[in-house]
Amino acid sequence: MSDVRVRFAPSPTGELHIGGARTALFNYLFVRRVGGTFVLRIDDTDLERSKEDYINKLMASMKWLGLEWDEGPYFQSKRMAEYNREAERLLNEGRAYRCYCTVDELAAGREAARTENKAYLYPGTCRNLSAETEDKLRSEGRKAVIRLKVPDSGATVVKDEIRGEVSFENSDLDDFIIIKSNGLPTYNFASVVDDLQLNITHIIRAEEHLSNTPRQQLCALAMGYEMPIFAHVPMILAPDRSKLSKRHGATSVEEFRDEGFLPEALINYMTLLGWSPGGDKEIFGIDESVSVFSLQKVNKTAAIYDTVKLTWMNSHYIREYDLEKLAESALPFFIRKELFQNRPAGDEFLYYKNVIKTVRERAKTLVELADASEYFYEDQFVYEEKGVKKAFMKEGVRELLLHAAGELDLMNTFSRAEAEEKFNVICENLEISAGRLIQPTRLAITGRMGGPGLFEIMELLGREKTVERLKRAAKYIEEL
RNA sequence: GGCCCCUUCGUCUAAUCGGUUAGGACACCAGCCUUUCAAGCUGGCAGCAGGGGUUCGAAUCCCCUAGGGGUCACCA
């Protein structure tokens with residue numbers, strides 16, 4: 001066990017989206033590679049927006065993806081005493097001060113700056129208040145916030161594993177708030193206190209935090225510490241190049257799961273979003289990535305996520321997955337589609353597994369898998385319109401199907417090889433090509449023009465159902 | 001608007017120290033295979049944002065421009 005410690009610190013204001021998940025993944029890859037500790041922290045200082053439901057969903061999503069953490073979850077909401085103690089210390093040491101400006105007063109200043117088209121910086125109104133003035137303001141009923149004294153010269157340099165050294169002029173920063181008037185810490189402060197107290201050694205997070213990093217570094221400096229090493233990973237953008245949000249459709253892990261994506265596929269896809277092991281390999285498991293992962297190889301460019309490639313990857317995993325596991329994963333989708341009510345048992349489960357086995361080859365998601373399985377459970381399906389024209393509305397098809405039904409009925413045993421042999425004989429005797437019989441038969445027993453090998457389907461369905469469906473189709477054609 | 005980051009096919013990406021016909025994957029197109037649909041195989045289309053330098057030689061180093069993103073809250 002190395003002493004490397006990383007943390008993933010989501011705020012529970014929504015479901016875990018693909019960007020957050022990818023950040024968690026990179027933390028995971030990095031820390032597992034070096035044998036360090038993965039800490040989960042819930043940044044819930046914003047009581048208004050944080051919801052307990054989201055906390056559970058967040059953790060469920062991480063577990064579903066296989067991103068297990070070693071320590072935590074820690075909750076910022078339970079660590080208020082720490083933040084207040086540190087803030088008090090800064091106050092006593094003269095590195096921070098109470099500010100009594102009201103929200104309205106500040107807004108006025110901001111508005112003025114805007115009309116002059118200048119950047120607004122808090123002017124430091126309360127930076128050097130006398131004890132008397134403070135008493136007076138307090139007696140007026142004014143509530144105070146605590147602001148950090150930011151040096152007005154010099155620069156703050158952020159050391160970043162991915163971007164190198166990034167320098168910010170302190171004069172561009174103002175005395176920002178570290179404790180709000182309701183006594184709660186701001187993110188920039190709480191996050192630093194926690195990272196320091198939890199002995200985090202590497203902060204791997206999204207690039208949107210880069211601009212705030214100098215503020216955090218200034219906090220650490222004021223408290224007498226140095227910040228850990230940073231790694232700001234590029235953002236994941238929606239297809240329209242904008243920041244991910246709800247209006248972009250499925251972006252949360254939960255949604256991807258519900259749409260029938262396998263966790264391994266999602267992991268594989270996210271791994272390649274902003275990182276590449278080099279070489280031509282595209283398909284690899286999380287353990288393989290762990291063994292070669294490095295922050296230096298993480299890209300600097302934001303990536304647009306593309307469900308098309310994810311879908312391709314998913315279809316690959318569906319094809320290669322362990323059948324037993326696939327059957328388990330697909331269960332909720334079959335139930336949702338009402339192909340059956342409960343988890344099938346005994347022979348029913350065997351049948352279910354065989355259905356999946358024959359159908360998995362052409363399903364890109366678990367939803368499609370259940371879709372493609374429909375006619376194995378439903379007798380009263382409708383015939384595909386295009387197929388009816390192509391396969392049913394031809395001379396002698398009805399008689400042909402009836403004839404085939406009769407022949408199949410006479411068979412003693414019924415396997416895919418035997419059925420195929422029988423069809424060959426029928427076609428030879430009638431002097432027609434195999435396709436002439438196979439096409440309408442396929443439509444008759446599945447309602448569709450595409451799908452698995454016909455004789456495979458017939459074997460699984462069994463002779464009785466096959467014959468029944470041929471007859472049903474014949475009747476249907478008659479009524480056309 | 002200030003500050004910060006970024007810029008290789010439509011998308012994800014590769015290209016040890018500058019020397020490559022700029023490679024792969026998805027998608028798309030064509031062909032092969034085939035009872036269908038897929039899968040698979042083969043081939044094709046398609047990119048170094050633009051402009052200046054430095055250099056014998058630049059996708060790679062420097063500068064400028066343009067574009068994209070982020071951030072500037074008593075949100076995280």
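First the proteins, then the strands, lettered A, B, ... as listed; each starts at 1.
For RNA chain B, the residues of residues 150-167 of chain A within the heavy-atom distance limit of 4.0 Å (strictly under) are Arg163(A), Val166(A), Ser167(A), sorted by number.
Looking at heavy-atom distances under 4.0 Å, Arg436(A) makes no contact with the nucleic acid at all. Counting any heavy atom pair closer than 4.0 Å across all strands shown, Thr186(A) reaches sugar-phosphate atoms only and no base atom.
For the C1' atoms, the distance linking G70(B) with C75(B) amounts to 15 Å, nearest Å.
Of the candidates C4(B), U71(B), C74(B), the closest approach to any side-chain atom of Arg147(A) belongs to C74(B). The nucleotide whose nearest atom lies closest to any side-chain atom of Leu106(A) is, among C3(B), A27(B), C74(B), C74(B).
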Could you write nucleotides 34-48 of chain B as a row of B, S and -, 5' to 3', where a protein heavy atom under 4.0 Å of any base atom gives B, of only sugar-phosphate atoms gives S, and otherwise -? -BBBBSS--------
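Remark: P of A76(B) and OH of Tyr74(A) are 21 Å apart, rounded to the nearest angstrom. In this entry the distance linking CZ of Arg215(A) with C1' of A73(B) reads 10 Å, nearest Å.
For Thr45(A) and A76(B), the shortest distance from a side-chain N or O to OP1 or OP2 is below 4.0 Å.
Applying the Watson-Crick and G-U wobble criteria (two distances, each under 3.5 Å), G2(B) pairs with U71(B).
In summary, Glu421(A) and Arg416(A) do not engage in a salt bridge, as defined by a charged side-chain N under 4.0 Å from a carboxylate O. Between Arg79(A) and Glu82(A), no side-chain nitrogen of the basic residue sits less than 4.0 Å from a carboxylate oxygen of the acidic one, so the salt-bridge criterion is not met. For the pair Glu52(A) and Lys57(A), the salt-bridge criterion is not met [side-chain N within less than 4.0 Å of a carboxylate O].
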Listed pairs, N/O of protein and of nucleotides 10-21 of chain B, under 3.5 Å:
unit_1 : atom_1 : unit_2    : atom_2 : d
C12(B) : OP1    : Ile304(A) : N      : 3.0
C12(B) : O2'    : Leu272(A) : O      : 2.8
C12(B) : O2     : Lys309(A) : NZ     : 3.3
U13(B) : OP1    : Gly274(A) : N      : 2.4

